[in-house]
Number of protein chains: 2
Amino acid sequence: MRLNQLDERIVHALAEDARRSYADIGAEVGLSAPAVKRRVDRLREQGAITGFTVRVDPAALGWETEGFIEMYCRSNTSPEDIRRGLERYPEVASASTVTGDADAIVQVFASDMRHFERVLERIAGEPFVERTRSVLVLSPLVRRYGSGSPA
Amino acid sequence: MRLNQLDERIVHALAEDARRSYADIGAEVGLSAPAVKRRVDRLREQGAITGFTVRVDPAALGWETEGFIEMYCRSNTSPEDIRRGLERYPEVASASTVTGDADAIVQVFASDMRHFERVLERIAGEPFVERTRSVLVLSPLVRRYGSGSPA
DNA sequence: ATTGAAACTGACATATG
DNA sequence: CATATGTCAGTTTCAAT
């Protein structure tokens, strides 16, 4: 699917501040407020916009420990099974199925090492998980596009 | 203190849908709308919440290929060297030094496979990089706290 | 474009530790 | 005494006619 230039500018404006009013965005792109809303509604229906979220600084919230968990799942596990299993954990910031040895990579933020270990044990104990391999983040180097961490 | 607990629930609610009304969130966490707003304002002042953004389908914006690159660096490479080397790539969404075999994990968004390969080759050619291992994302399952895609 | 409804924001009073 | 919450009014924003 392709977005026209107007849509891209609207999306860009929302990416910078998703709580701007439609009138405000309209003034920037040269449309009336209702026209902007119609486009946003259409973008949501088409799936180009999947929702609105908040950018957080994990450290400021006390999530000082970050890590990646590679999941190796039982052979008949579907991506949807994994998603349902993981979405209950507030510590899970992102998760994707991937190519390679592991079946999925899960990004986890925890308050400290003990907390991280607890989450790791619970995830490893999910029925569809065969084994896990985890690495801890030492230093966040680059964090763009709101990929969640210190500014 | 369980004040922090309340903040976490509010952030979690906003992470799922940043356009929910304060009254709606308050009903969920057991506060009035103004009380929720005050906490959100305080979280923004403290830097815990850095902004509100839109979740977009990367494919709709032309970023159809996502992957992780594990970097194995020369022994005397500092994290700062890696950061300086990677920040020039707009395709790099995040990068962190990690424990384990690899020295760093880099998250990359590209327009297509050819683009991804080109970025991979350029990164692998950086003077401080000894070798790389990369995995491609098949399906994004969970994407919270703004850990998303380029906007 | 206009109108009715809903949400946000700031002020004030109160309860709690 | 300080902090946080709830209620209320004024204003803005939204959504549908």
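Sequence lines set the chain letters: A, B, ... in the order given, protein chains first and strands last, and positions in each chain run from 1.
Across its full length, the helix from C:dA1-D:dT17 to C:dG17-D:dC1 shows an angle of 20° between the axes of its 5 terminal pairs at either end, rounded to 10 degrees.
Neither side chain, A:D24 nor A:S21, offers a donor N or O lying under 3.5 Å from an acceptor on the other.
Remark: A:R83 pairs with A:E80, A:E87 by the side-chain hydrogen bond (donor to acceptor under 3.5 Å, both in side chains) rule, at least two apart or across chains. The side chain to side chain contact (heavy atoms under 4.5 Å, CB included) search around B:A15 returns A:T53, A:V54, B:Y145, not counting sequence neighbours. Applying the salt bridge (charged side-chain N to carboxylate O under 4.0 Å, His left out) rule to A:E130 yields no partners; only residues at least two apart in sequence or on another chain are considered. Taking B:H115 as the reference, nothing meets the ring-ring contact (aromatic ring centres under 6.0 Å, His included) condition, with sequence neighbours excluded. Annotation: side-chain hydrogen bond (donor to acceptor under 3.5 Å, both in side chains) contacts of B:R114 (sequence neighbours excluded): none.
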All N/O pairs under 3.5 Å across the protein-nucleotides 7-16 of chain C interface:
| unit_1 | atom_1 | unit_2 | atom_2 | d |
| --- | --- | --- | --- | --- |
| C:dC8 | OP2 | B:Y22 | N | 3.2 |
| C:dT9 | OP2 | B:K37 | NZ | 3.4 |

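Counting Ile, Leu, Val, Met, Phe, Trp and Tyr side chains that sit under 4.5 Å apart, directly or through other members, A:L138 stands alone, with no cluster partners. Other residues sharing the hydrophobic cluster of A:V137, ordered by chain and number and joined by side-chain separations under 4.5 Å: A:F68, A:V98, A:I105, A:V135, B:F68, B:V98, B:I105, B:V135, B:V137.
B:R39 has its CZ atom 8 Å from the C1' atom of D:dA4, to the nearest Å.
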